[in-house]
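Throughout, protein chains are lettered first and strands after them, A, B, ... in sequence-line order, and every chain is numbered starting at 1.
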Protein chains: 2
Amino acid sequence: MESIHKEELLQKFSQLEQPLLDEILAQSTFKHLEEGEEALRTGQYIKSTVLLSKGLLKVYREDEEDNEFLMYYLEPGNACALSMMCTARDEQSQIMAKAVDESEIILIPSHLSELWLAKYKTWHNFVIASYRQRFEELLQTLDSVAFKALDERLIFYLRRHVKVSGNEVKLSHQQIANELSSSREVISRLLKKLEQTGAITLHRNYIEVHDLDIV
Amino acid sequence: MESIHKEELLQKFSQLEQPLLDEILAQSTFKHLEEGEEALRTGQYIKSTVLLSKGLLKVYREDEEDNEFLMYYLEPGNACALSMMCTARDEQSQIMAKAVDESEIILIPSHLSELWLAKYKTWHNFVIASYRQRFEELLQTLDSVAFKALDERLIFYLRRHVKVSGNEVKLSHQQIANELSSSREVISRLLKKLEQTGAITLHRNYIEVHDLDIV
DNA sequence: GGAGTACAGTGACTGTTGTCACATAGGAAA
DNA sequence: TTTCCTATGTGACAACAGTCACTGTACTCC
């Protein structure tokens, strides 16, 4: 990959100081992910911190029986907080990360990421801010699962989707069901009800979101 | 409070370097909590990082309708990760923390806690380690809520209790129901079933745990 | 156009959890 | 002992979500 190209990728991380950006350019791996390709797998040893420079990553949890569970989306300029945490102890990933769109990620070797915490103030701040943000999102997700019925969780889910990728939610009912660890029929029924309120319009393979607040 | 007493409290934090301990001694507030007293409230502005030197704190989430939801327990030597995070932005607490037993907490003003991150390596490590640990526990909790039925969640809950306070779990069915955001009758039924397997013995106001793995 | 395939809609049924109503039991205090 | 309060037990019922079986519907590739 051209170094011109790399620098362009780094534009998303302009809050980091220049010497650090130079180090990242020199020492980390840049990787292209096709749509649907996995960046992290459950059980895999994590040896790098993952930054996203382009595209969209979905970070989710998976249990023994293939139930999956959406945690949050990563957008360009974000880092996978989990990859920063596991990093230090050579731990196994507890999560999956998959490219929703074609994406570009930056893989920073763990020992460097650790080193930089002390060396670069902006890196330190970036890491702390990432933790915070993800922690809060996780809390929200937890709230929604713990306290809300499926119909409200579905709305919460759609909202999040609209936020990262606009009003045309390009997902099949089956995919939604997976991410909420529910079943297609149930999601279909609930979406139908939502459509009747006028909040959304259903199409084949995508959902048009008008206004989720009227519910 | 005697400074002798304070230093004793700090023994739980021996991984922190001496100059830092001195600063903590000099600059932070030490507070005694009675059993049941609250350390943090939902909606309260957080202006301190909370360390626990003695006792046991329960950290939980509460929604609008008074449903509560246990996140984790803090033991002496631990810090409330949330209080570290909110700290920087003068944010409102999203959580509740309550003393389960009589406890002693150390309140470190936010600006110091922030300052120390750069100044003291051991503080920095401590903060990062706290984030990690809590993040992982939160993930476990999320898993249990998202993927498990109530009977398994109850076992998960009892295990956690045994770990922090031994085999006599001093809780009423009502309290357990609250923390799992379920209802007393349901918990009673499930506990009864557990008793029949021999895993536990039920008593008035406490549960004797024999072996939760036989289930 | 026809066959094949993935997606979506629907009714019937089941199991789990929550709710209601009420019974029982243990402990504290008068 | 009697009284009272709180904790616990239990049966009946309702509601929600998951499953099964099947139908319908749009798109793709010959």
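- If you check residues 164-179 of chain A against DNA chain D, you find no residue with a heavy atom closer than 4.0 Å.
- Across all their heavy atoms, B:S83 and B:T49 have their closest contact at OG-CA, 3.7 Å.
- Residues from residues 140-160 of chain B placing a heavy atom under 4.0 Å of any atom in DNA chain D do not occur.
- On the nucleic acid side, DNA chain D has its first and last nucleotide under 4.0 Å of a heavy atom of chain A at D:dA17 to D:dC27, going 5' to 3'.
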Q. With the sugar-phosphate defined as primed atoms, P, OP1 and OP2, and the base as all remaining atoms, what B/S/- string results for nucleotides 22-29 of chain C, 5' to 3', for protein heavy atoms under 4.0 Å?
A. ----BS--
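- Listed pair B:S182 / C:dG18 meets the phosphate criterion, a side-chain N or O lying under 4.0 Å from OP1 or OP2.
- Here the CD atom belonging to A:E168 is positioned 5.5 Å from the CD atom belonging to A:E208, to the nearest 0.5 angstrom.
- Applying side chain to side chain donor-acceptor pair (under 3.5 Å) to A:H210 and the options A:T197, A:T201, A:N167 leaves one that passes, A:T201.
- In this structure, B:R134 is positioned above the aromatic face of B:Y72, its NZ or CZ under 6.0 Å from the six-membered ring centre and within 45° of the axis.
- Remark: A:K54 pairs with no residue by the side chain to side chain donor-acceptor pair (under 3.5 Å) rule, at least two apart or across chains.
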Q. Going through the distances and angles, do A:E75 and A:V164 end up as a side-chain contact (heavy atoms from CB on, under 4.5 Å)?
A. CA-CA 8 Å; A:E75 298 183 82; A:V164 295; 3.7 Å; yes
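- A:E102 and A:H32 are linked by a side-chain donor-acceptor pair at a separation below 3.5 angstrom, with hydrogens and angles left out of the test.
- Taking the six-membered ring wherever Trp is involved, the centroid distance between the rings of B:Y131 and A:Y131 falls below 6.0 Å.
- In this entry the distance linking CG of A:N205 with P of C:dT5 reads 17 Å, nearest Å.
- Under the ring pair (Phe, Tyr, Trp, His ring centres under 6.0 Å) criterion, B:Y73 pairs with B:H161, not counting sequence neighbours.
- Atoms CG and CG, on A:L154 and A:L190 in that order, are 6.0 Å from each other to the nearest 0.5 Å.
- Donor-acceptor pairing under 3.5 Å is recorded for the side chains of B:Y157 and B:E179.
- Judged purely by distance below 3.5 Å, without hydrogens or angles, the side chains of B:R160 and B:T141 pair a donor atom with an acceptor atom.
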Q: Using the side-chain contact (heavy atoms from CB on, under 4.5 Å) rule, take B:L57 and B:C80 through it: C-alpha gap first, then chi angles, then the decisive distance, then the call.
A: CA-CA 9 Å; B:L57 284 190; B:C80 175; over 6 Å; no
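- Mapped onto DNA chain C by nearest heavy atom, B:L190 and A:L202 fall at different nucleotides, with A:L202 at the one closer to the 5' end.
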